[in-house]
Amino acid sequence: MALALYNTLSRRKELFTPLHPPYVGMYVCGPTVYGDPHLGHARAAVTFDVLYRYLRYLGYRVRYVRNITDVGHLEGDADEGEDKILKKARLEKVEPIEVAQRYTALYHRAMDALNVLRPSIEPTATGHIPQQIQMIERILAAGYAYVVNGSVYLDVEKYRRDFAYGVLSGRNIEELLAGTRELEGQSEKKNPWDFALWKRAEPTHLMQWDSPWGRGYPGWHIECSAMSTHYLGVPFDIHGGGIDLIFPHHEAEIAQAHACFGEAAHHQARFWVHNNLVTIEGQKMSKSLGNFITVEEVFTGHHPKLTRGYPPMALRFLILQAHYRSTLDFSEEALAAAYKAYLRLISAYQRLSQLVSHPYSTYSVQAWRERVFSALNDDLNTAAALALFFEQIEDIIRLYRNEIHLSGEDLETLRNTWKEVLFDILGLRPIEAVQREKWDRLVDFLVRLRRQARSEKNYMLADILRNELRAVGVKLLDFPDETLWELSE
RNA sequence: GGCGACGUGGCCGAGCGGUUAGGCACGGGUCUGCAAAACCCUCUACGGGAGUUCGAAUCUCCCCGUCGCCUCCA
């Protein structure tokens with residue numbers, strides 16, 4: 001059993017092996033912190049969280065770097081447009097760093113709720129200006145960039161003579177040229193496909209730093225190249241991000257790494273892994289279409305497309321139910337279905353603890369466990385892995401009824417697999433673990449009281465108890481000889 | 001226009017030449033004081049056409065449709 005990952009660079013699945021076992025270096029493009037974290041952020045974060053967790057489970061020592069972009073990305077065409085963080089700062093009349101800090105905090109809160117582990121290192125672009133400048137200097141020294149009026153651009157034409165450009169996205173310059181909407185006379189670039197490594201800042205620009213080329217700020221792609229290689233070396237093992245970043249962002253990163261480190265950069269990272277997007281009714285989420293949904297809105301239900309709020313695990317489960325390279329079409333119907341499925345899964349897990357072992361097993365748990373891991377190994381097919389758990393639920397019920405049996409050892413394997421895969425690897429969370437014991441005893445008592453009332457045909461009391469229990473989220477399961485209960489939400 | 005992906009039963013969603021994926025919903029049943037839940041059963045699909053093959057949702061070709069990237073974006 002070995003993990004195979006789809007590598008965008010080669011366009012096929014490849015067996016994953018780290019460059020320097022047991023260490024693994026993984027870099028994932030994090031959010032630009034100028035707005036509320038949305039479903040897209042959640043999907044990317046959960047996707048790479050699962051990869052991170054699984055690599056660790058497999059015994060690797062993972063250094064996971066995920067950046068916070070707090071400067072630099074422009075909106076609008078080519079050279080023009082406005083830094084999104086600056087724009088937000090102006091709108092809200094606060095310092096740019098206040099914008100970045102606030103949305104970073106919101107991002108953390110949302111991802112924590114989704115049980116997404118924090119990366120090992122979470123560097124910010126503004127905190128790594130020297131590293132970026134140093135990289136630009138090396139690129140200039142190597143002759144792959146030029147300076148114009150205090151700005152530095154990567155010379156793609158020059159770069160192409162020594163390296164292939166467009167290997168990741170499968171594009172060539174001619175095609176790019178055909179698709180470029182050139183701004184006549186406005187560009188100081190030699191060629192439209194050149195991109196900025198450093199931009200000269202106007203005096204009014206709120207965020208600017210000293211550099212060998214004057215006051216300015218870093219280009220749109222350099223931060224990721226600088227920070228990833230700074231912390232992980234060149235090349236490193238895995239670079240991840242959303243599929244929409246393949247071009248131009250990741251293509252530019254590869255070019256920067258080659259231009260800086262030469263052929264030794266080997267495309268900067270050996271595995272390029274990309275998660276697909278979240279769509280709303282078949283359309284990409286965007287503010288202009290008015291179908292933009294934030295993570296918080298899912299939790300609270302405060303959105304026109306939602307009739308109620310859903311707990312974080314419902315969203316996490318929904319994301320896990322699709323393969324990360326497929327688009328995920330979001331709707332309340334799908335979310336509600338995922339939530340129900342998740343609750344059923346957790347109930348089955350809780351039932352596992354009630355099973356008793358037998359001298360021998362009547363079926364193979366090991367075979368099932370291997371199928372679960374081969375699903376995970378097959379390019380992180382979490383959807384297929386989860387399906388196997390639902391198939392196992394039927395067996396758990398039969399075990400509970402003593403229709404089939406498991407030896408102590410196999411039962412242990414079964415329990416461990418559930419715990420390891422569902423909670424450690426997929427990062428799901430069982431409902432409420434805190435204060436559970438006292439709560440259980442209290443509920444047990446009330447349930448027994450209701451049973452007593454029912455046996456005395458005191459249905460009024462029985463119904464009061466049932467309604468009150470339901471009001472606090474306790475679901476009763478009446479069986480002829482006993483009453484079980486579980487938390488509904 | 002270029003590059004790429006996709007079209008699976010009411011909805012979401014695996015699938016990678018030959019088993020029922022799975023979930024949710026619906027319907028039927030068991031259970032129950034009535035319920036709910038749970039459990040059991042049912043629903044067996046693959047955009048259209050042609051081809052390859054003993055056999056195709058899975059491969060090839062054509063057509064139709066959808067989406068993404070080519071500008072910041074997870």
Side-chain angles (χ1 to χ4, degrees), chain A residues 8 11 13 28-32 34-35 37-48 69 72-84 166 169-172 174-181 183 193 220 240-249 251 274-279 282-287 317-318 321-323 325-342 344-345 347 351 375 378 381-391 393-394 397-398 400-401 454 457 459 462-463 466-467 470 475-480 483-486 488:
Chain A
T8 308
R11 292 169 196 240
K13 291 178 199 168
V28 173
C29 288
T32 302
Y34 72 103
H38 54 69
L39 292 177
H41 292 117
R43 187 173 196 196
V46 168
T47 296
F48 291 103
T69 297
H73 289 203
L74 305 185
E75 58 177 26
D77 280 305
D79 288 344
E80 307 311 313
E82 195 175 11
D83 182 311
K84 286 187 291 199
S169 57
R171 296 168 202 245
N172 59 55
E174 287 67 32
E175 288 160 1
L176 288 174
L177 184 57
T180 299
R181 286 179 288 161
L183 301 167
W193 50 79
W220 322 310
I243 204 171
D244 50 340
L245 294 177
I246 292 175
F247 192 90
H249 186 55
E251 202 69 78
H274 293 97
N275 65 278
N276 215 135
L277 306 178
V278 176
T279 57
Q283 297 259 297
K284 181 181 175 177
M285 280 201 315
S286 76
K287 284 179 177 169
F317 191 90
L318 177 69
Q321 256 193 326
H323 183 86
R325 283 193 293 116
S326 300
T327 51
L328 170 59
D329 199 40
F330 180 90
S331 65
E332 175 159 35
E333 199 179 357
L335 181 63
Y339 183 35
K340 283 199 172 184
Y342 161 72
R344 199 176 142 219
L345 198 65
S347 296
R351 189 170 297 180
D378 183 14
N381 195 337
T382 55
L386 280 175
L388 286 164
F389 280 87
F390 283 97
E391 285 181 17
I393 287 179
E394 291 171 27
I397 287 159
R398 293 172 67 203
Y400 186 70
R401 293 175 176 165
R454 290 176 74 211
K457 301 209 186 297
Y459 297 127
D463 288 349
R466 179 174 64 191
N467 292 338
R470 165 186 265 177
K475 198 165 63 179
L476 297 178
L477 287 62
D478 284 336
F479 291 96
T483 296
L484 300 179
W485 61 271
E486 60 194 28
S488 55

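What's counted below: heavy atoms across the whole structure, side chains too, no hydrogens, waters or symmetry copies. In what follows, chains are A, B, ... by sequence order, proteins preceding strands, each numbered from 1.
Here Gly40(A) lies in heavy-atom contact (under 4.0 Å) with a base. Contact annotation for Leu345(A): no contact, since no heavy-atom pair falls under 4.0 Å across all strands. Within the 4.0 angstrom heavy-atom criterion, only backbone atoms of the sugar-phosphate kind lie near Gly30(A); the bases stay farther away. Thr279(A) comes within 4.0 angstrom of nothing in the nucleic acid, heavy atoms only. As judged by a 4.0 angstrom heavy-atom cut-off over every strand, Ala387(A) is placed among the base-contacting residues. Using a 4.0 Å heavy-atom criterion, one finds that Val278(A) contacts the bases of the nucleic acid, with or without backbone contacts as well. Base contact: His38(A) has a heavy atom under 4.0 Å from a base atom.
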Using atom names, set out every protein N or O paired with an N or O of nucleotides 26-29 of chain B below 3.5 Å, distance rounded to 0.1 Å.
none

Polar-atom pairs under 3.5 Å, protein N or O versus N or O of nucleotides 38-41 of chain B: list them with distances, or write none.
from   : atom 1 : to        : atom 2 : distance (Å)
C39(B) : O2'    : Arg401(A) : NH1    : 3.4
C39(B) : O2'    : Arg401(A) : NH2    : 2.7

Give me the distances for all protein-to-nucleotides 44-46 of chain B N/O pairs that come in under 3.5 Å?
none

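Distance CZ/Phe317(A) to CG/Leu335(A): 11.5 Å, rounded to 0.5 Å. To the nearest 0.5 Å, the span separating NZ on Lys13(A) from CZ on Arg325(A) amounts to 6.5 Å. Considering CD1 of Ile243(A) and OG1 of Thr8(A), their distance stands at 7.0 Å, rounded to 0.5 Å.
For Lys340(A), there are no side-chain hydrogen bond (donor to acceptor under 3.5 Å, both in side chains) partners, not counting sequence neighbours. Residues that satisfy the side-chain hydrogen bond (donor to acceptor under 3.5 Å, both in side chains) test with Glu333(A), not counting sequence neighbours, are absent from this structure.
Straight-line distance from the OH atom of Tyr339(A) to the C1' atom of C24(B): 14 Å, rounded to whole Å. Atom P of nucleotide C70(B) and atom CZ of Arg171(A) are separated by 7 Å, given to the nearest angstrom.
Going from the C1' atom of A21(B) to that of G2(B) covers 37 Å, rounded to whole Å. Nucleotides C11(B) and C3(B) have their C1' atoms positioned 32 Å apart, rounded to a whole Å. For the P atoms, the distance from C61(B) to C6(B) is 14 Å, rounded to whole Å. As rounded to the nearest Å, A45(B) and G9(B) have C1' atoms that lie 4 Å from one another. Rounded to the nearest Å, the gap between the P atom of G28(B) and that of A14(B) is 31 Å. Between the C1' atoms of A36(B) and A57(B), the separation comes to 39 Å (whole Å). Comparing the C1' positions of U52(B) and C59(B) gives an interatomic distance of 8 Å, to the nearest angstrom. Of the C1' atoms belonging to A35(B) and U42(B), the separation is 24 Å, rounded to the nearest Å.
Among all heavy-atom pairs drawn from Arg454(A) and Ala462(A), the shortest one is CG-CB, 3.5 Å. Nearest heavy-atom pair across Met285(A) and Gly40(A) is CE-N, 3.6 Å. Closest approach of His323(A) and Asp378(A) over heavy atoms only: CE1-O, 4.4 Å. Nearest approach of Ala384(A) to Ala375(A), heavy atoms of both residues: CB-CB, 4.0 Å.
The ring of Phe390(A) does not lie on top of the base of G23(B); it is either too far (5.5 Å or more) or too tilted (30° or more).
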Show your working on side chain to side chain contact (heavy atoms under 4.5 Å, CB included) between Asn276(A) and Arg43(A) and close with a plain yes or no. CA-CA 9 Å; Asn276(A) 215 135; Arg43(A) 187 173 196 196; 3.8 Å; yes
Evaluate the criterion side chain to side chain contact (heavy atoms under 4.5 Å, CB included) for residue pair Leu328(A) and Leu39(A); output intermediate values, then yes/no. CA-CA 10 Å; Leu328(A) 170 59; Leu39(A) 292 177; over 6 Å; no
Taking it one step at a time, do Lys457(A) and Tyr459(A) satisfy side chain to side chain contact (heavy atoms under 4.5 Å, CB included)? CA-CA 5 Å; Lys457(A) 301 209 186 297; Tyr459(A) 297 127; 3.8 Å; yes
Contact pattern, 5' to 3', of nucleotides 10-15 of chain B - B, S or - by protein heavy atom under 4.0 Å: -SSSSS
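Looking only at distances, no side-chain donor or acceptor of Arg351(A) sits under 3.5 Å from a matching main-chain atom of Ile397(A). In this structure, the side chain of Asp329(A) engages the main chain of Gly282(A) through a donor-acceptor pair within 3.5 Å. Looking at Glu251(A), its side chain does come within 3.5 Å of a backbone N or O of Ser169(A) through a donor-acceptor pair.
The nucleotide whose nearest atom lies closest to any side-chain atom of Leu245(A) is, among A74(B), G33(B), C24(B), A74(B).
Each of Arg11(A) and Ile246(A) was matched to the nucleotide of RNA chain B holding its nearest heavy atom; the match closer to the 5' end belongs to Arg11(A). Comparing Ser169(A) and Gly241(A) along RNA chain B, the residue whose closest nucleotide (by nearest heavy atom) sits nearer the 5' end is Ser169(A).
Between the base of A35(B) and the side chain of Arg466(A) there is a donor-acceptor pair shorter than 3.5 Å. Residue Asp478(A) places no side-chain atom within donor-acceptor reach of the base of G33(B), judged by atom type and a 3.5 Å distance cut-off alone.
Of all nucleotides present, only G4(B) satisfies the Watson-Crick or G-U wobble test against C67(B), with each distance under 3.5 Å. Using Watson-Crick or G-U wobble geometry with both donor-acceptor distances under 3.5 Å, U20(B) finds no partner in any strand shown. The partner of U42(B), taking Watson-Crick or G-U wobble pairs whose two distances both stay under 3.5 Å, does not exist in any strand shown. Here A37(B) sits opposite no nucleotide as a Watson-Crick or G-U wobble pair (both hydrogen-bonding atom distances under 3.5 Å). A50(B) is paired with U60(B) under the Watson-Crick or G-U wobble criterion, all donor-acceptor distances under 3.5 Å.
Ring geometry for Tyr342(A) versus Tyr339(A): interplanar angle under 30°, hence parallel rather than tilted (30 to 60°).
Contact check, Lys340(A) against G23(B): no side-chain N or O comes under 4.0 Å of OP1 or OP2.
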